[in-house]
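Have a look at the structure below, then the notes.
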Amino acid sequence: MTNSPLFSPDGNFSPISRRWLIIGVWSLAIAGIFSLILVVSRTPSFCDVPLLNKLFREALVVHVDLSVLVWFLSIACMFWSLLTESSAPAIPYLRRAAQICFIGGMIFISISPVDPKAFGVMSNYIPVIMSPIFFLGIALLLCGTGFMLFHLFVSKKDSSIFAPPIRFAIFGSAVIALFSIAAFVWSFHLLPPQIDGQQYYEMGFWGGGHVLQFVHIQIMMVCWLWLAAMLKPEFSISDKMLYSLFGIGLVVAIATPLPYLLFDITSPEFRQFFTDAMIVAGGIAPSILALFIIPVLWKKRSERKGQARALWSALLMSVILFIYGGFLGGLIQGQNVVIPAHYHGSIVGVTLAFMSIAYLMLPRFGYRNVAGWKMAYWQPLVYGFGQIMHISGLAYSGGYGGLQRKTPCGGVPELAVDIKAAMGFMGLGGLLAIIGGLMFVVVVARAVKVR
């Protein structure tokens with residue numbers, strides 16, 4: 001077993017690291033605004049409104065890219081920054097430049113729908129808006145991520161905050177991110193010239209998009225461990241087990257070149273390789289770790305009335321949503337909304353883990369401690385149960401009614417009564433999730449405003 005704590009019990013960290021959290025919260029707040037259009041567009045009473053139909057695709061792209069790409073990468077950058085907290089930067093102002101790039105990328109992605117010629121392309125992992133404004137935003141995000149990775153690789157690693165297995169996990173997530181970027185470049189280089197439109201971006205983002213999810217899973221597991229250690233200080237797992245769990249995603253990511261060397265990028269075998277890799281790297285390790293986390297949640301359930309109650313509720317809902325998303329993944333048949341139901345479950349599990357780590361980090365960044373606040377406690381529950389309702393409605397309407405993905409009303413002109421009821425249930429859940437997301441932004445804003 002680990003003889004020393006997995007994490008430093010306290011300590012204040014630099015402004016440069018805390019700004020990553022604020023950037024992420026801003027991206028989540030803007031994504032929540034666009035999610036209103038999506039929820040209303042899929043509600044039976046409103047889904048035939050022409051204006052909502054027109055805005056649906058672009059709103060979906062912005063919502064996904066801000067709530068998954070920008071938000072998740074901001075938290076990853078925060079951890080990469082923490083890993084070099086006490087070291088002098090090898091290149092001055094590189095981290096500041098990375099943050100400026102992220103802010104610019106977030107702004108340009110958000111305003112890209114104003115381009116009168118813009119239209120959304122619903123590619124998986126990174127949907128795009130066909131507009132120079134949008135692609136400028138994506139380019140800035142890529143530059144910002146590259147700057148942070150370079151800073152991490154050339155800087156001395158801080159040994160005072162994280163135990164060796166956690167440092168291995170965070171550094172490993174950066175290595176995985178590097179393989180993801182390489183996969184994006186490799187894929188677009190290999191794409192046949194006759195492929196265009198949605199298929200072009202679908203194939204271009206397929207490999208790197210899958211590998212990028214391993215980064216998020218790696219950081220999510222670090223968050224789970226940190227929260228468990230805060231709720232139960234005596235909590236420990238053997239170093240051997242931790243290295244094994246965190247090594248799974250790293251090993252699978254290192255194998256990324258294999259499908260590029262063995263298969264044609266347009267072949268079913270290429271796609272299946274990354275689908276199988278997702279099951280291995282994205283499912284096995286967090287499922288095993290959940291077996292260690294669930295007993296902590298049960299034993300510390302009295303914390304729901306204590307000073308760490310927000311950490312308890314957020315960790316609980318993160319584990320539940322991630323497991324539920326994995327379960328729905330086994331029900332996928334064909335191209336319908338069961339796929340986003342599975343995807344939403346998994347990414348919301350990651351989002352809740354990142355929200356909870358925000359609550360944990362706020363006092364360490366010099367802001368107010370919100371872990372005991374009533375609103376902070378209820379926020380993960382409202383957001384989590386709303387998302388459970390939302391994805392359950394998606395799963396039912398897709399699994400039994402053939403409701404299609406990425407279209408308002410699912411592209412079905414006449415819906416059965418039970419499908420309409422499922423869509424209404426989904427819409428109500430989506431509304432609760434939006435309220436929960438707004439609650440998170442309010443809690444963080446109150447903590448930041450009054451120091």
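Listed here is the closest heavy atom pair of Val370 and Ala310: O-CB, 4.2 Å. Of all heavy-atom pairs between Ala447 and Tyr367, the closest is O-CB, 3.6 Å. Minimum interatomic distance between Ser313 and Ala376 (heavy atoms only, all atoms of both residues): OG-O, 4.3 Å. Minimum heavy-atom separation, Phe385 to Met317: N-CE, 3.8 Å. Between Phe273 and Ala255 the shortest heavy-atom distance is CZ-O, 3.9 Å. Closest approach of Ser112 to Val62, counting heavy atoms only: OG-CG2, 4.4 Å.
Shown here are the ring pair (Phe, Tyr, Trp, His ring centres under 6.0 Å) partners of Trp80, two or more places apart in sequence or in another chain: there are none. Partners of Phe153 by ring pair (Phe, Tyr, Trp, His ring centres under 6.0 Å), not counting sequence neighbours, listed by chain and number: Phe171. The side-chain hydrogen bond (donor to acceptor under 3.5 Å, both in side chains) search around Thr275 returns none, not counting sequence neighbours. With sequence neighbours excluded, no residue forms a ring pair (Phe, Tyr, Trp, His ring centres under 6.0 Å) with Phe292. Scanning for side-chain hydrogen bond (donor to acceptor under 3.5 Å, both in side chains) contacts around Tyr260 gives Ser187, with sequence neighbours left out.
Using a 4.5 Å heavy-atom threshold, the side chains of Asn124 and Glu202 count as touching. By the 4.5 Å heavy-atom criterion applied to side chains, Ile219 and Ile357 are not counted as neighbours. Considering only heavy atoms from C-beta on, Phe205 comes within 4.5 Å of Val128 through its side chain. Within the 4.5 Å cutoff, side-chain heavy atoms of Phe214 are placed close to those of Met278. Contact annotation: the side chain of Asp264 never approaches that of Phe270 to less than 4.5 Å [non-hydrogen atoms, C-beta and beyond]. Side-chain contact check for Met230 versus Lys300: every heavy-atom pair is 4.5 Å or farther apart. Leu315 has its side chain within reach of Trp224: a pair of non-hydrogen atoms, C-beta onward, lies under 4.5 Å apart. The closest side-chain heavy-atom distance from Ile265 to Trp186 is not below 4.5 Å.
To the nearest 0.5 Å, atom CZ of residue Phe322 and atom OG of residue Ser287 are 6.5 Å apart. In this structure, the separation between CG on Leu82 and CD1 on Ile166 is 13.0 Å, given to the nearest 0.5 Å. Going from atom NE2 of His210 over to atom CG of Leu212 covers 11.5 Å, rounded to the nearest 0.5 Å. Here the straight-line distance linking atom CZ of Phe134 with atom CD of Glu58 works out to 11.0 Å at 0.5 Å rounding. Residue Phe246 holds its CZ atom at 10.5 Å from CD1 of Ile248, rounded to the nearest 0.5 Å. Between the SG atom in Cys223 and the CD1 atom in Ile75 there is a gap of 7.5 Å [rounded to 0.5 Å].
The ring of Phe188 has its center no closer than 6.0 angstrom to the ring center of Phe184. The aromatic ring centroids of Trp20 and Phe79 lie 6.0 Å or more from each other. Under the 6.0 Å cut-off for aromatic ring centres, Phe108 and Phe135 do not qualify, their centroids lying 6.0 Å or more apart.
For Arg301 (side chain) and Trp298 (main-chain N/O), a donor-acceptor pair under 3.5 Å exists by modelled atom type. Proximity of a side-chain donor or acceptor of Gln307 to a complementary backbone N or O of Ala371 within less than 3.5 Å is not detected. A donor-acceptor contact shorter than 3.5 Å is absent between the side chain of Ser318 and the backbone of Ala314. Between the side chain of Ser17 and the backbone N or O of Met78, no donor-acceptor pair lies under 3.5 Å.
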Legend entry - Trace of the side chain to side chain contact (heavy atoms under 4.5 Å, CB included) decision for Leu321 with Ile391: CA-CA 10 Å; Leu321 263 297; Ile391 65 179; 4.1 Å; yes

Legend entry - From CA spacing to verdict: side chain to side chain contact (heavy atoms under 4.5 Å, CB included), Ile195, Thr266: CA-CA 10 Å; Ile195 295 178; Thr266 63; 3.8 Å; yes

Inset, instruction - Apply side chain to side chain contact (heavy atoms under 4.5 Å, CB included) to Thr351 and Met355, showing your working. - result: CA-CA 6 Å; Thr351 293; Met355 286 177 170; 3.8 Å; yes

Inset, instruction - Check the pair Arg18 / Met361 against side chain to side chain contact (heavy atoms under 4.5 Å, CB included), numbers first and verdict last. - result: CA-CA 8 Å; Arg18 75 187 182 200; Met361 293 303 299; over 6 Å; no

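Within a 6.0 Å sphere centred on CH2 of Trp378, heavy atoms belonging to other residues, nucleotides or ligands number 12 at most. Within 6.0 Å of CZ in Phe150 there are 12 or fewer heavy atoms belonging to other residues, nucleotides or ligands. Counting heavy atoms of neighbouring residues, nucleotides and ligands inside a 6.0 Å radius, atom CH2 of Trp226 exceeds 12 of them.
Exactly one of Lys157, Lys156, His151 qualifies for a side chain to side chain donor-acceptor pair (under 3.5 Å) with Thr84. That residue is His151. The one candidate from Val211, Ile217, Thr256 that meets the side chain to side chain contact (heavy atoms under 4.5 Å, CB included) condition with Ile176 is Val211.
For the pair Arg309 and Trp312, the cation does not sit on the ring face, since its NZ or CZ is not both under 6.0 Å from the ring centre and inside 45° of the axis.
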What donor-acceptor contacts under 3.5 angstrom involve side-chain atoms of residues 89-107, with partners at least two apart or in another chain?
residue : atom : partner : partner atom : Å
Arg95   : NH1  : Ser81   : OG           : 3.1
Gln99   : NE2  : Ile16   : O            : 2.6

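Side-chain atoms of Tyr324 and Gln387 include no donor-acceptor pair closer than 3.5 Å.
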